[in-house]
Amino acid sequence: MKHLHSRSLLAAALSTALLFSASHVMAANPPNEPEENAQNDSSQPVTDTWITTKVKADLLATENVSGLDIKVETVDGVVTLSGAVASKAQKDKAIAVAKQIKGVKSVEASGLTLASR
């Protein structure tokens, strides 16, 4: 139970950091006034930093995945997972979590190994 609480706190902290980061960017670069005939486009580009943060937060919040032991890197929408997990099921789950994040083009997990017992 204590481990689950720690994961929840860490996921909340990462989410808060992402929120503050986004608000800082918006304050530094306010959006332009919309044109009269412009359509609202909710499919704005997703950055690699956002993808990395979202994947890491979701891994930490996912039950039966050792999110603290998985390193996440993103380049041009390609997520690379590395580190050690306890089982093939955890590796598969981590890959599935990463693939479902908006903006992820593919997931490379050859660096994600099974921990020796």
Side-chain angles (χ1 to χ4, degrees):
M1 187 66 170
K2 196 176 202 181
H3 184 64
L4 182 59
H5 183 67
S6 296
R7 278 185 160 181
S8 297
L9 285 176
L10 192 53
L14 283 171
S15 298
T16 302
L18 180 60
L19 177 65
F20 284 128
S21 176
S23 65
H24 176 69
V25 169
M26 289 299 291
N29 302 311
N32 297 330
E33 291 297 316
E35 297 176 16
E36 273 185 39
N37 295 328
Q39 295 179 351
N40 289 336
D41 184 11
S42 64
S43 61
Q44 296 193 4
V46 178
T47 67
D48 288 341
T49 302
W50 184 89
I51 291 171
T52 297
T53 304
K54 181 69 172 143
V55 170
K56 191 65 175 175
D58 283 11
L59 287 174
L60 290 167
T62 301
E63 216 173 303
N64 298 323
V65 173
S66 54
L68 293 174
D69 299 324
I70 300 174
K71 181 178 178 184
V72 180
E73 294 179 344
T74 308
V75 177
D76 295 329
V78 177
V79 174
T80 302
L81 303 176
S82 59
V85 292
S87 67
K88 180 162 177 9
Q90 282 190 12
K91 180 177 179 177
D92 294 342
K93 183 69 173 178
I95 293 167
V97 167
K99 283 183 176 180
Q100 60 91 25
I101 302 299
K102 177 183 176 184
V104 172
K105 295 177 183 173
S106 65
V107 177
E108 168 57 43
S110 61
L112 202 55
T113 60
L114 297 180
S116 58
R117 295 180 185 174

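Residues that satisfy the salt bridge (charged side-chain N to carboxylate O under 4.0 Å, His left out) test with Asp92, not counting sequence neighbours, are Lys88. In terms of the side chain to side chain contact (heavy atoms under 4.5 Å, CB included) criterion, residue partners of Ala89 (sequence neighbours excluded) are, by chain and number, Ser87. Residues meeting the side chain to side chain contact (heavy atoms under 4.5 Å, CB included) test with Lys105, sequence neighbours left out: none. Residues satisfying the side chain to side chain contact (heavy atoms under 4.5 Å, CB included) criterion with Ile95, sequence neighbours excluded, are Leu81, Lys91, Lys99, Val107, Ala109.
To the nearest 0.5 Å, the span separating CD on Gln90 from CG on Leu59 amounts to 10.5 Å.
Under the 4.5 Å side-chain criterion, counting only non-hydrogen atoms from C-beta, Lys93 is not in contact with Asn64.
Closest of all the heavy-atom pairs between Leu112 and Ala94 is CD2-CB, 4.2 Å. Smallest separation of non-hydrogen atoms from Ala115 and Ala84: CB-CB, 4.0 Å.
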Please tabulate, for the side chains in residues 67-78, all donor-acceptor contacts under 3.5 angstrom to protein atoms that are two or more places apart in sequence or on a different chain.
residue: Lys71; atom: NZ; partner: Glu73; partner atom: OE2; Å: 3.1
residue: Thr74; atom: OG1; partner: Thr52; partner atom: OG1; Å: 2.7

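Under the 3.5 Å distance criterion, with hydrogens and angles disregarded, no donor-acceptor pair is assigned to the side chains of Ser106 and Glu108.
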